[in-house]
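One structure is given here, and the rest of the page talks about it.
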Amino acid sequence: MKYEIIVVGGGHAGCEAALSTSRIGHKTLLITGNIKNIADMPCNPSIGGSAKGIVVREIDALGGEMGRNADKSLLQIKMLNSAKGPAVRSLRAQADKITYPKEMLKTLKNESNLTIKEGIVEDLIIENKTIKGIILDNKEKIYSDIVILTTGTYLKADILIGDTRRREGPHGEKPSNHLSDKLKENGFTIKRLKTGTPQRIDKNTIDFSQSSKETGDQKYLSFSFDNKYYYDIDKQVPCHLIYTTKETHQIIKENLNKSSMYGGLNDIKGVGPRYCPSIEDKIVRFSDKERHQLFLEPESIYYDDVYIQGFSTSMPPHIQDQMVHSLPGLENAKILKYGYAIEYDAIDSKQLNQSLETKIITNLFTAGQINGTSGYEEAAAQGLIAGINASLKLEKKEPLILKRSEAYIGVLIDDLVTKGVIDPYRLLTSRAEYRLLLRTDNADTRLTQYGYQVGLIKKERYNSFKNKLLSINNLKQELDNIKLTPSKETNNFLTKYNSTPLKDGITLSNLLKRPEIKIEYLKSYLNNNYTDEVLESVEISIKYDGYITKALKEANKMNNLDNKKIPNDINYDKIHNLASEAKQKLKEIKPTSIGQASRISGVNPVDISLIMVYIKKEYFNEQK
Amino acid sequence: MQDTIVAISTSLGVGAISIIRVSGSESIDIVNKITKQDITKYKTHTIHHDYIIDKDKIIDEVLISIMIAPKTFTKEDIIEINTHGGIASTNKVLELLIENGCRLAEPGEFTKRAFLNGRIDLIEAEGVMDVINSKTDKALSLAMNELKGESSKLIKDLRQKIIKILANIEVNIDYPEYEDIKELTNKDILPSINEIECDIKNIINNSKDASIIKDGIKTVIIGKPNVGKSSLLNRLINEEKAIVTNIPGTTRDIVEGEVYIDGIKLNIIDTAGIRKTTDVIENIGVSKSLELIESAELIIFVLNNNELLTKEEQDLLERIKYKNYIIVINKTDLESNLHIKDQNIVRISALNNIGINNLKQKIKQLFNLEKFESKDITYISSSRSIGILKETLSLINDVRTAISNDMPIDMIEIDIKTIWNKLGEIIGETYQDELIDQLFSQFCLGK
């Protein structure tokens with residue numbers, strides 16, 4: 001049996017990869033250890049968050065599934081940072097852990113080009129540094145033109161609790177024991193990473209009266225630009241906020257050496273994520289903090305598990321009992337699942353091209369936690385890009401490489417392949433230098449075009465996007481053309497909103513630049529009706545025009561450098577006087593553009609000058 | 001590459017006309033911000049009379065040459081400004097251009113652009129490689145040495161202050177659900193912003209290199225009577241045919257004489273004392289000469305080649321070792337009786353006008369003044385730093401305006417971050433993940 005593309009792993013990266021390749025029209029096989037665990041959410045029951053919510057919007061604009069699927073499984077949703085500026089707003093939702101995988105599996109099964117199969121992949125078929133297929137643990141061989149590895153935490157996964165280490169993945173699933181060795185034999189650098197998860201508590205044993213309620217927004221919201229709402233705004237499920245107590249801290253301090261990470265196990269190699277420390281880490285590193293914030297998050301409306309966000313631990317079960325019982329309202333709580341840490345193998349992401357194809361094995365792509373990232377959204381984004389680029393490769397087309405100024409996904413992948421990771425990588429707004437351009441409201445205008453070109457955005461959606469653009473332009477024109485005169489009526493209107501009365505005429509655009517004037521106040525002066533989406537988008541672009549122009553100018557500089565390509569047969573040894581650190585890094589990372597080269601730490605501006613002059617001299621002489 | 005770059009493309013010298021060259025797509029717009037006339041309508045390859053202005057103050061009377069792409073040396077828009085007012089105003093114009101959006105050119109960058117834009121051929125390109133190479137070490141060490149010691153520490157401290165604000169704003173953005181982390185408001189950051197502005201202004205004022213350009217080098221000539229202080233001063237003055245002014249002052253050690261060495265000003269303290277051939281050591285007393293030594297940035301200690309070293313002279317030699325000093329052994333036309341070893345010795349005969357050039361070279365060496373005068377690739381490190389610092393001051397103004405306009409804090413942060421990055425450029429610290437490191441070490445976050 002031969003497929004065009006095999007996707008190994010059915011997590012968030014694997015689902016997006018398999019959906020995109022099959023939707024574009026390529027015969028795809030998705031292999032998963034257990035079909036029941038497809039699109040599983042083994043950690044927190046939420047999608048989105050700061051920066052991550054924008055990634056979900058980007059995935060949706062490119063024609064991926066995560067946004068739509070999250071919309072179908074919402075327990076509650078809110079816009080984070082809504083009181084702050086537009087650049088940092090981002091959606092965060094609680095997603096139902098039963099509905100999310102169920103809906104995703106339904107979508108996968110509907111794809112005619114996609115076959116789903118259970119199996120554990122233990123080896124790869126490689127000929128002349130080119131992938132030819134996979135070998136399962138039962139020795140079955142399956143051939144394909146391209147393989148996308150999205151193995152998550154399942155490469156040599158070890159679950160750590162207290163002083164115990166068990167070779168298994170989340171939910172006690174069987175991990176792949178040999179695949180990472182095979183990758184190593186082929187020249188990949190294998191790293192050991194670590195992450196963790198907190199306890200799940202029986203909802204019925206929690207006294208919520210001692211906590212404060214965290215609800216969703218009182219406005220319909222959706223990740224997807226389809227703007228469909230599957231939930232009832234008044235029936236959103238709340239989360240609850242509590243704090244650790246002195247007693248909690250005492251228990252942890254006294255039992256610290258029993259935690260896997262603090263002496264319980266002495267063979268820990270995995271590097272844990274800085275942004276997601278265990279409760280032990282928090283108490284050790286921030287010992288002067290009297291309390292830590294915890295969120296009680298419902299996992300599903302179909303079962304009773306409540307997730308304690310902020311309490312991840314690798315203490316032995318009996319200590320976890322004490323810890324949980326020291327929390328307000330959880331004195332009698334029943335622990336349904338204990339927290340644990342998990343160690344797993346990952347590859348060095350610097351061994352990837354920006355297309356997510358590996359530099360070592362042709363036609364082998366990787367996405368998600370195997371590349372050293374963490375988070376459902378980061379995984380899904382890579383899965384989608386790997387899927388798109390695998391398809392483009394089959395079609396002998398140039399890969400889709402998003403710029404840092406175009407998408408958080410571009411920032412994510414550029415960071416991975418240019419800087420590499422030490423601890424599991426999470427997207428943060430601080431990682432994006434042009435975050436004012438990478439907003440939640442404009443993800444569609446940034447990326448829909450690409451989604452349409454590769455064939456993932458359907459005609460209908462594309463047309464409504466085009467209409468939105470038209471509407472935005474119309475509104476801008478109206479605001480530019482309509483002028484208010486300093487009449488009594490106008491000035492009454494302005495005084496009402498604490499705005500200075502007019503002495504001369506002013507266009508609506510200029511009026512909108514006043515901080516106190518909102519676009520909704522101006523609706524009555526407009527000739528046409530516009531959707532809230534369009535109003536918001538235009539308001540942002542006018543109000544923050546100064547900052548946006550600045551950001552665009554900076555981004556343009558970087559884009560120009562990114563457009564200057566470095567030939568892939570360049571020999572850095574031939575460039576005299578390159579600093580040796582720069583030379584070594586350039587050889588390792590093999591940047592494809594001057595822009596990428598300039599982002600490598602240790603490569604300074606003089607090195608960049610030398611490379612540019614060298615390229616011009618060696619490669620473009622004949623063209624003159 | 002898309003930056004608009006600027007450099008002084010002639011040697012710096014007093015009286016001579018300097019040419020400042022600007023190249024890049026924004027050349028005309030940027031220069032237009034500092035000229036009295038509107039230069040945007042001029043035809044290509046024309047020259048115009050104009051004034052350079054800083055706010056309302058006239059800095060210099062200049063000629064402006066406009067050359068619009070592509071028929072220019074770099075195939076970009078080029079403007080050349082001929083300045084007339086000597087090094088101080090030339091530097092001021094350069095600073096103004098940097099403040100308004102130009103970047104100081106790297107060594108060889110005009111030629112590099114000419115090559116990359118296909119204006120010059122391969123053989124010339126080899127030359128560019130050489131220029132870039134040969135200047136690499138120097139440029140690097142300059143960047144490192146620039147703003148030595150205290151100033152560099154000041155900038156580091158300043159960046160530390162800023163990064164704490166940044167981390168605090170970022171943490172509110174990336175972890176909005178953390179209710180026990182204080183939410184920073186515009187009002188909270190305003191005092192810090194004012195404090196930072198104050199710090200930056202202090203750094204500018206304290207920058208030693210800057211004061212060399214602006215105020216000259218405070219110099220004292222010491223030595224016993226009849227050793228030749230006066231004739232040396234006359235030689236220095238005559239050599240340069242520069243102005244010596246006698247401004248009556250209320251105290252004896254105010255600046256009284258100005259001498260120019262290749263465009264760099266020496267302020268000679270106590271010239272009156274020298275002219276009256278007052279015996280500095282005996283008459284004013286050792287304590288007074290020590291005071292003079294203390295306040296001076298350069299000490300020229302004149303000794304007599306014909307005589308043995310006196311006890312007082314030996315004492316003074318010990319004292320000046322911790323300062324920038326030059327030992328001038330005068331009267332080399334006479335028999336040599338003086339035995340002294342030091343690396344900062346210059347032998348002259350003021351009478352016969354021998355060795356004065358060596359003395360000037362020595363002074364330049366001592367203050368690293370060579371960097372002020374290389375052609376086309378001018379690397380005025382202090383102007384660069386000061387330009388950057390002034391740029392940060394104008395960003396601070398933007399921040400304040402934004403605060404008063406009630407802009408969201410994450411917008412304001414964009415400018416604060418730029419300030420932080422710019423300061424990093426000065427001291428060569430541009431580590432990208434610094435902020436993220438700070439975020440996780442300062443706050444306790446995570447699921």
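All values below come from the heavy atoms of this structure, side chains included, with hydrogens, waters and symmetry mates left out. Protein chains get the first letters and strands the later ones, always in sequence-line order, with residue 1 at the start of each. Being a predicted model, the structure only gives us computed values, none of them experimental.
- B/Lys161 meets the side-chain contact (heavy atoms from CB on, under 4.5 Å) test with B/Glu195, B/Asp199; sequence neighbours excluded.
- For the atom pair CG of A/Asn81 and CD1 of B/Ile409, the computed distance is 11.5 Å after rounding to the nearest 0.5 Å.
- For A/Arg426, the part sitting under 4.5 Å from any heavy atom of chain B is the side chain, from C-beta outward, and nothing else.
- With contacts defined as side-chain heavy-atom distances shorter than 4.5 Å, the pair B/Glu170/A/Leu428 does not qualify.
- Contact check for B/Thr418 versus A/Glu554: no side-chain heavy atoms found under the 4.5 Å cut-off.
- Considering only residues two or more places apart in sequence or on other chains, B/Leu97 meets the side-chain contact (heavy atoms from CB on, under 4.5 Å) condition with B/Val6, B/Ile20, B/Val22, B/Ile30, B/Val31, B/Ile34, B/Ile81, B/Val93, B/Cys102.
- To the nearest 0.5 Å, the span separating CD1 on B/Ile412 from OH on A/Tyr547 amounts to 5.5 Å.
- For A/Arg435 and B/Glu413, the salt-bridge test passes: some basic side-chain N is under 4.0 Å from an acidic carboxylate O.
- Counting non-hydrogen atoms of neighbouring residues, nucleotides and ligands closer than 6.0 angstrom, the CD atom of A/Glu290 reaches no more than 12 such neighbours.
- For B/Asp410 against A/Gly85, the heavy-atom pair with the smallest separation is OD1-N, 2.7 Å.
- Both the backbone and the side chain of B/Ile173 come within contact range of chain A, judged by heavy atoms closer than 4.5 Å.
- Residues B/Met411 and A/Lys543 form no side-chain contact, since every pair of their non-hydrogen atoms from C-beta on lies 4.5 Å or further apart.
- Side-chain contact between B/Asp398 and A/Lys550: present, with at least one pair of heavy atoms (C-beta onward) separated by less than 4.5 Å.
- Separation of atoms CG (A/Leu427) and CG (B/Asp174) is listed at 9.5 Å; rounding is to 0.5 Å.
- A/Leu294 does not touch chain B: none of its heavy atoms, backbone or side chain, sits under 4.5 Å away.
- Summarising the geometry, atom OH belonging to B/Tyr175 is positioned 10.0 Å from atom OG1 belonging to A/Thr429; distances are rounded to the nearest 0.5 Å.
- The 12-atom threshold is exceeded at CG of B/Leu190, counting heavy atoms of other residues, nucleotides or ligands nearer than 6.0 Å.
- Taken from NZ in A/Lys553 to CG in B/Asp3, the straight-line distance is 9.0 Å, to the nearest 0.5 Å.
- Among the candidates B/Asp415, B/Asp406, B/Ile169, the residue making the largest number of heavy-atom pairs closer than 4.5 Å to chain A is B/Asp415.
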